[in-house]
Amino acid sequence: MTSSQTQTFTTLRTPSGPVPVDAPAWNPQRPSAMPHERYRPAHDRVALPLTDRTWPSRRLERAPLWVPVDLRDGNQALAEPMDTERKRRMFDLMVTMGYKEIEVGYPSASQTDFDFVRHLATSGAVPDDVTISVFTAARNDLIDRTIASIEGLPRTVVHLYTATAPTWRDVVLGRSRTELHGMILDAAGYLMRRADERSGGDIRFEFSPEVFNLTEPDFVLDVCNSVTELWDASPDRPVIHNLPATVEIATPNVYADQIEYMDRHLARRDAVILSVHPHNDRGTGVACAELAVLAGAQRVEGCLFGNGERTGNVDLVTLALNLYAQGVNPMVDFSDIDAVRDVVEHCNRLPIHPRHPYVGELVHTAFSGTHQDAIAKGMAHHTKRAAELGVPAEEAPWEVPYLPIDPGDIGRTYEEVIRINSQSGKGGIAHLLYTHHGLDLPKAMRPDFSGAVQRATDASGQELSHKDLWDLFRTHYISPAQDGPVVLNSWSTTETGPGEHRFSCVLSANGQERSYEGTGNGPLSALTQVLAGAGIAVDILNYAEHATSAGPGSPAVAYAECRVDGATFWGAGWDTSILAASVQAVLAAVNRAGQAGR
């Protein structure tokens, strides 16, 4: 593009402030005109009393209790909230995957949510080891509606929430710290009394100080401890304190510090399940959750693939498979991740991004030539190592470049691992031809075919499938044996003595058909003498052959690199006879040379 063709973006303001005086010479960035001074850093918005943190030296060695909130929190974020049929489909998926506590609705917020909780209570859909969680604000009438919805459910968590952060107290609720604390205790006490009045079924309690991460630590600790005491928490009947990063405002280490502070100072700690509920406003929800578990969290609320308000709730699938990739059992099953994705997309009516971790259509795919070559070599090494260990490949330790987990473990096929476009390289191309068509291209031939693929993809701008590669290979290297200036109309070989072979044929060249004979120390050397007699000088520089599959009658393929009248060309042959395939390979190279010289 010339300077006269330079595109302009009139709505953007190219930074033009002076380069900071302390900037190194290699960094010419200039301040932008965006009003960054409107925003306060997290350290100015909330106190961070922890100075002797211990979480950075810990390791993730077991999965926390996962609690999917897709049916409540995720559902609230949908343009088209789920009906009972879609909710039930997702609930059944979660049960099948192995989730043992599932938040299913906000029954006081809508008739649809209320009806779904009643559906679960009356349909027998809840297994004996699964606990249902329902959500309610700290208002008596909403608590009444919530208690009515769970009648008949054997195990329930009632999740009570109130926003506690200063901006929410001042702007939304209009209450002081003391007033809000009293309101929370009144609601918690009312909930406990209503639960005691209910006949049958076990009810446990959860409290969320919404916007925990922006609430003063001393206040949220005081509130949580008083709720723990009011509900008379004990180790055999613990309460859940859920500490949400309702709106992400800081780096993940700040949230981890806040969680460790609470972990250390919560009263009756052995009677409290410390839970977290990160959102993803800064794009670090997964990191916040992982560091929070290091810091003492025992339970994580989130959504499958991260659906939720604004930029979403934390992604439970990514979290679980991150553990899996470290050798930790995730305690839920993703052996068919595409089936999980299909249900979630159907129920949410939202697509999942093709680059979404683990599940996206392209996350196990390599287009880059260097990546493809490394993966192909890694897969071959993995197969060899499994054989040496005497175990199936799907059970052998996994160490393949660029693939953090074996795609087969989550139901993906290897077809999608390497895909071919203009960025691809010879290693990936060879891998696909071998995997799908049994062709083990000689290493010396791979750059030649890679060039043909590059020209094809540059011309079309399109990706090539493994079938496209086979078609291109056949057209480029095999078909010229039957479609070129030199044609073998009939031929035969005989061994006339030890190390002596005769090649007899009827050959058409330069528009003339003649019978020829040649001799040599093998059939192919005898063929080159025949070609010399027809005025075509041929030297065979490289030759390889192999069967394309096991068993009698398997097609064979031969590859020949030939110098033809001073120029070098590859050819290939394909036949159930390896001798026929080798003759075709030489003839294909000869005809490619002839076609190039036209």
J.: Rounded to the nearest 0.5 Å, how far does CG of Leu48 lie from OH of Tyr255?
T.: 13.5 Å

J.: Backbone N or O of Asp281 within a donor-acceptor pair of the Glu248 side chain at under 3.5 Å?
T.: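 Here the side-chain-to-backbone pair exists.
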
J.: Minimum heavy-atom separation for Gly302 to Asp70, with atom names?
T.: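 So the minimum-distance heavy-atom pair works out to O-OD1, 3.9 Å.
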
J.: Any chance the side chains of Trp55 and Asn253 put a donor and an acceptor closer than 3.5 Å?
T.: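 There is no such pair (donor and acceptor under 3.5 Å, judged by atom type) between the side chains of Trp55 and Asn253.
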
J.: Is there a side-chain contact between Pro81 and Thr112 in this structure, where contact means two heavy atoms from C-beta onward sitting under 4.5 Å apart?
T.: no

J.: For His36, enumerate each residue passing the side-chain contact (heavy atoms from CB on, under 4.5 Å) test, keeping only those at least two apart in sequence or located in another chain.
T.: none

J.: Grab the two heavy atoms, one from Ala137 and one from Ile143, that are nearest each other, plus how far apart they are.
T.: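 What the structure gives for the nearest pair is O-CG1, 3.9 Å.
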
J.: Verify, without hydrogens or angle tests, whether Arg204 (side chain) and Val157 (backbone) share a donor-acceptor contact under 3.5 angstrom.
T.: no

J.: Report yes or no: do His277 and Ser208 form a side-chain donor-acceptor pair below 3.5 Å?
T.: no

J.: Does CE belonging to Met183 count more than 12 external heavy atoms closer than 6.0 Å?
T.: yes

J.: What closest approach, in Å, do Ala287 and Pro252 show between heavy atoms, and which atom pair accounts for it?
T.: CB-CG, 3.7 Å

J.: For Ile150 versus Arg198, what's the shortest heavy-atom pair and its separation?
T.: O-NH2, 2.8 Å

J.: So does Arg237 pair up with Asp202, basic N to acidic O under 4.0 Å?
T.: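 Salt bridge present between Arg237 and Asp202.
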
J.: Within a 6.0 Å radius of atom CD on Glu229, are there more than 12 heavy atoms belonging to other residues, nucleotides or ligands?
T.: no

J.: Can you tell me if Asn280 uses its side chain to pair, donor with acceptor, with the backbone of Gly312 under 3.5 Å?
T.: no

J.: Kindly determine whether Thr146 and Leu191 satisfy side chain to side chain contact (heavy atoms under 4.5 Å, CB included), including the steps that lead there.
T.: CA-CA 10 Å; Thr146 303; Leu191 171 60; over 6 Å; no

J.: Treating Ser133 as the side-chain partner and Glu103 as the backbone partner, does any N or O pair qualify as donor plus acceptor under 3.5 Å?
T.: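 No, the answer is negative, given that no donor and acceptor are paired below the 3.5 Å cut-off.
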
J.: Measuring from atom CD1 of Ile273 to atom CG of Leu266, what distance do you get when rounded to the nearest 0.5 angstrom?
T.: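 Ile273 CD1 to Leu266 CG: 12.5 Å, rounded to 0.5 Å.
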
J.: Is Glu301 paired with Arg299 through a side-chain N to carboxylate O contact shorter than 4.0 Å?
T.: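 Between Glu301 and Arg299 there is a salt bridge, with a charged N closer than 4.0 Å to a carboxylate O.
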
J.: On a heavy-atom basis, which atom in Thr215 and which in Thr164 lie closest, and how many Å separate them?
T.: OG1-OG1, 2.8 Å

J.: Tell me whether Arg282 contacts the main-chain N or O of Ala250 through its side chain, where contact means a donor paired with an acceptor under 3.5 Å.
T.: yes

J.: Looking at every heavy atom in both Pro244 and Pro209, which two are closest together, and how far apart are they?
T.: CD-O, 3.6 Å

J.: Can Met82 and Phe116 be said to form a side chain to side chain contact (heavy atoms under 4.5 Å, CB included), step by step?
T.: CA-CA 10 Å; Met82 289 181 246; Phe116 181 67; over 6 Å; no

J.: Taking atom OG of Ser234 and atom CZ of Arg268, what is their separation to the nearest 0.5 Å?
T.: 8.0 Å

J.: Does anything in residues 74-87 form a salt bridge (charged side-chain N to carboxylate O under 4.0 Å, His left out)? List the pairs, not counting sequence neighbours.
T.: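 Listed by first then second residue: Glu80-Arg349, Lys87-Asp113.
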
J.: Working to the nearest 0.5 angstrom, can you tell me the gap between Leu291 CG and Arg58 CZ?
T.: 11.5 Å

J.: Could you give the distance from CD (Gln76) to CZ (Arg72), rounded to the nearest 0.5 Å?
T.: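 It comes to 5.0 Å.
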
J.: Give a yes or no on whether the backbone of Leu403 and the side-chain of Trp398 come within a donor-acceptor separation of less than 3.5 Å.
T.: yes

J.: Would you call Asp196-Arg193 a salt bridge at under 4.0 Å N-O?
T.: no

J.: Atom NE2 of His265 and atom CG of Asn225: how far apart are they, to the nearest 0.5 Å?
T.: 10.0 Å

J.: Is Arg145 close enough and on-axis enough to Phe114, meaning under 6.0 Å and within 45°, for cation-pi?
T.: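 The answer is yes, since Arg145 meets both limits relative to Phe114.
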
J.: Would Gln326 and Arg59 count as a side chain to side chain contact (heavy atoms under 4.5 Å, CB included) here? Give the steps.
T.: CA-CA 10 Å; Gln326 297 296 312; Arg59 295 176 57 186; over 6 Å; no

J.: Heavy-atom distance under 4.5 Å between the side chains of Phe205 and Val227, does that happen here?
T.: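 Answer no - side chains too far apart.
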
J.: With side chains defined as the heavy atoms from C-beta onward, is the minimum distance between Leu160 and Tyr190 less than 4.5 Å?
T.: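 No; the side chains remain at least 4.5 Å from each other.
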
J.: With a 4.5 Å limit on heavy-atom distance, are the side chains of His279 and Thr311 in contact?
T.: no

J.: Taking Asn329 for its side chain and Arg62 for its backbone only, find out whether a donor-acceptor pair lies under 3.5 Å.
T.: no

J.: Working note: Arg310 + Val247, criterion side chain to side chain contact (heavy atoms under 4.5 Å, CB included); need CA distance, chi angles, decisive distance, verdict.
T.: CA-CA 9 Å; Arg310 304 178 308 279; Val247 180; 3.7 Å; yes

J.: Test your reading of the model: is there a side-chain donor-acceptor pair from Arg412 to the backbone of Asp338, 3.5 Å cut-off?
T.: no

J.: Side chains of Arg118 and Thr122: do they bring a donor and an acceptor to under 3.5 Å?
T.: no

J.: Looking at Pro351, is its backbone amide N or carbonyl O close enough to the side chain of Glu345 to form a donor-acceptor pair, meaning the two atoms are under 3.5 Å apart?
T.: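 Between the backbone of Pro351 and the side chain of Glu345 there is no qualifying donor-acceptor contact (under 3.5 Å).
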
J.: Between His353 and Gly360 (side chain of the first, backbone of the second, donor and acceptor by atom type, cut-off under 3.5 Å), is there such a pair?
T.: no

J.: Determine whether His356 and Val363 make a side-chain contact, defined as any pair of heavy atoms from C-beta on separated by less than 4.5 Å.
T.: no

J.: Do Val254 and His43 have side-chain heavy atoms sitting under 4.5 Å apart?
T.: yes

J.: Do Gln258 and Val46 come within less than 4.5 Å of each other through their side chains, counting heavy atoms only?
T.: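 A side-chain contact under 4.5 Å exists here.
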
J.: Leu321 and side chain to side chain contact (heavy atoms under 4.5 Å, CB included): which single residue from Asp315, Ile337, Val359 fits?
T.: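 Testing each of Asp315, Ile337, Val359 against Leu321, the sole residue satisfying side chain to side chain contact (heavy atoms under 4.5 Å, CB included) is Ile337.
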
J.: Taking the side chain as every heavy atom from C-beta outward, state whether Phe135 and Asp73 have any pair of such atoms under 4.5 Å apart.
T.: no

J.: Would you find more than 12 non-hydrogen atoms of other residues, nucleotides or ligands less than 6.0 Å from Tyr99 atom OH?
T.: yes

J.: Give a yes or no on whether a salt bridge exists between Arg89 and Asp342, defined as a side-chain N under 4.0 angstrom from a carboxylate O.
T.: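 Looking at Asp342 together with Arg89, the answer is no, because their closest N to O distance does not fall below 4.0 Å.
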
J.: State, without any angle test, whether Thr54 and Glu260 hold a side-chain donor-acceptor pair at a distance under 3.5 Å.
T.: yes

